[in-house]
Number of protein chains: 2
Amino acid sequence: MTTPSRQSTKQRPATVRAKLLAVTERLIYTGGIHATGMDRIVRESGVARKSIYRYFPTKEALVAEALRERDERWMNWFVSACETAPPGPPRLRAIFEALADWFSQDDFNGCAFINAAGEVAAGPVHDVARAHKRRLRDYLCSVLAECGVTDAATAAADLLILVDGAIISARVGGDSRAAQRAARMAHQLVRDQNVSSTTGDSL
Amino acid sequence: MTTPSRQSTKQRPATVRAKLLAVTERLIYTGGIHATGMDRIVRESGVARKSIYRYFPTKEALVAEALRERDERWMNWFVSACETAPPGPPRLRAIFEALADWFSQDDFNGCAFINAAGEVAAGPVHDVARAHKRRLRDYLCSVLAECGVTDAATAAADLLILVDGAIISARVGGDSRAAQRAARMAHQLVRDQNVSSTTGDSL
DNA sequence: GACGGAGTAGAATGATCGTTCTACTCTCTT
DNA sequence: AAGAGAGTAGAACGATCATTCTACTCCGTC
């Protein structure tokens with residue numbers, strides 16, 4: 001009697017979790033973790049508070065899972081963008097073309113995992129960020145191996161520095177050519193690796 | 001009569017602002033901006049709330065000023081660490097030796113400005129972060145010029161990518177050799193710049 | 001057709017947020 | 001000597017925080 005004619009706003013159970021995670025991912029990427037309150041997540045996802053806490057024990061767990069999903073989605077996008085190019089040097093170039101596209105998007109706000117790791121010192125969120133960077137490095141390693149790079153593992157760690165550095169320069173420094181700069185250095189990297197395999201002295 | 005014998009806990013006016021900024025800088029570097037409440041700043045600095053709001057209109061202004069001071073201190077440390085080495089390639093090496101030292105410190109928590117920029121989307125805090133990266137790039141440019149690099153400005157933007165990338169790999173990825181990797185790439189960078197000044201095709 | 005699980009709406013909790021205010025004390029200046 | 005300015009301590013404000021709870025509705029299944 002208190003609510004005479006309630007509309008049927010109830011969502012299908014299967015969609016609740018998905019929408020919850022999608023909205024959470026978007027909000028924390030746009031505004032940061034701490035700045036995103038549960039009220040906002042409730043309002044924009046249309047999922048009731050009670051339902052959220054049925055799926056996730058705490059906000060931290062929700063955020064960690066949303067980031068894990070972003071890891072999945074971002075890596076899928078990145079890999080498929082790179083694999084439009086054939087293996088070898090063209091695919092290496094495609095890495096930075098994909099980054100350049102990403103940087104120029106309107107809603108580009110840096111790397112969600114770098115941002116998250118900068119906001120929380122330790123805990124599951126930081127672990128997800130570290131896992132993402134490891135997965136990215138592993139993929140870079142496979143691309144470098146296709147280029148015939150000796151010691152692709154080492155070169156992948158180098159390449160990851162170039163990728164992350166480009167992200168920071170694009171986001172914080174506003175460098176619109178960051179991806180191109182990183183691409184040029186990556187080119188030098190694989191060229192040197194192929195020409196002379198091991199020159200003992202570093203720098 | 002309500003406070004019969006209050007101890008003389010009053011600080012010298014000159015020291016209040018300095019201590020306030022020092023404590024704020026430390027807290028936001030360690031725990032992030034949003035996670036650091038004014039209560040904590042009050043407690044750890046010993047500065048009364050009223051006094052804080054005499055110096056700064058809002059928390060945001062306090063944080064921005066604390067970051068501006070960190071910019072000053074960090075750059076002074078960095079430049080003086082680099083200038084223990086003579087100009088030219090040795091000083092370029094010293095850049096990454098300084099970074100390696102920094103990364104291995106117990107309280108290393110990444111770059112305060114990258115962290116801050118990742119936490120807030122826009123506003124004065126983000127501006128301070130961008131200004132810091134510009135100042136760092138300008139110094140890198142001067143070091144590269146001393147190395148005889150043609151187009152030091154472009155190379156400085158490249159070098160900044162290496163520096164920031166190394167910071168991220170060290171902090172997020174836990175790569176303990178990030179500084180050494182970046183140093184090797186920086187070496188390749190200046191070598192290529194010096195040998196062949198302009199090869200038209202990029203990558 | 002009744003029941004239980006999972007959904008919604010939204011009030012309520014206690015804590016903490018940034019900010020303001022009152023009351024008092026110290027110190028310098030005139 | 002007195003007053004002004006700047007400090008401290010800490011209560012108080014309203015807003016918002018994450019989390020819990022009550023009350024109700026839908027839907028699939030015995």
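We name chains A, B, ... by the order of the sequence lines, and we start the count at 1 in each one. These values consider heavy atoms only, across backbone and side chains, with no hydrogens, waters or symmetry-generated copies. What you are looking at is a predicted structure, and each value in this text was computed from that prediction instead of being measured.
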Given C:dG7, C:dT8, D:dT8, the nucleotide with the shortest approach to the side chain of A:Lys50 |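 Taking heavy atoms from C-beta onward, the closest nucleotide is C:dT8.
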Of A:Tyr55 and B:Pro57, whose nearest nucleotide on DNA chain C comes first from the 5' end?
->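 Nearest-nucleotide comparison on DNA chain C picks A:Tyr55.
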Rounded to whole angstrom units, what separation is found between the CZ atom of A:Arg17 and the P atom of C:dG5?
->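 Distance, rounded to whole Å: 20 Å.
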To the nearest angstrom, how far is B:Lys19 atom NZ from D:dG7 atom C1'?
->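 Atom-to-atom, B:Lys19 to D:dG7, this comes out as 13 Å.
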Under the ring-ring contact (aromatic ring centres under 6.0 Å, His included) test, residues paired with B:Tyr55 that sit two or more places apart =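 Expected list: none.
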What distance separates A:Met38 CE from A:Thr24 OG1, expressed to the nearest 0.5 Å?
->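 Between atom CE of A:Met38 and atom OG1 of A:Thr24 there are 7.5 Å.
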Give one of base, sugar-phosphate or nothing for B:Phe56, where a contact means two heavy atoms less than 4.0 Å apart.
->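 Since no nucleic acid heavy atom lies under 4.0 Å of B:Phe56, the category is nothing.
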Per-nucleotide protein contact along nucleotides 13-18 of chain D, 5' to 3', at a 4.0 Å heavy-atom cut-off (B base, S sugar-phosphate only, - neither), is ----SS
State which residues pass salt bridge (charged side-chain N to carboxylate O under 4.0 Å, His left out) with B:Arg171; sequence neighbours excluded, sorted by chain then number.
->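 For B:Arg171 there are no salt bridge (charged side-chain N to carboxylate O under 4.0 Å, His left out) partners, ignoring immediate neighbours.
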Return the set of residues passing salt bridge (charged side-chain N to carboxylate O under 4.0 Å, His left out) with A:Asp39 (not counting sequence neighbours), or none when no residue passes.
->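 A:Asp39 satisfies salt bridge (charged side-chain N to carboxylate O under 4.0 Å, His left out) with A:Arg49 once adjacent residues are dropped.
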Applying side chain to side chain donor-acceptor pair (under 3.5 Å), name anything that partners A:Glu146, two or more places apart in sequence or on another chain.
->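 Counting only residues at least two positions away or on another chain, A:Glu146 forms a side chain to side chain donor-acceptor pair (under 3.5 Å) with A:Arg91.
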Tabulate below the donor-acceptor pairs under 3.5 Å that side-chain atoms of residues 76-83 of chain B make, not counting sequence neighbours, or state none.
from    : atom 1 : to      : atom 2 : distance (Å)
B:Asn76 : ND2    : B:Glu72 : O      : 3.3
B:Ser80 : OG     : B:Asn76 : O      : 2.9
B:Ser80 : OG     : B:Trp77 : O      : 3.0

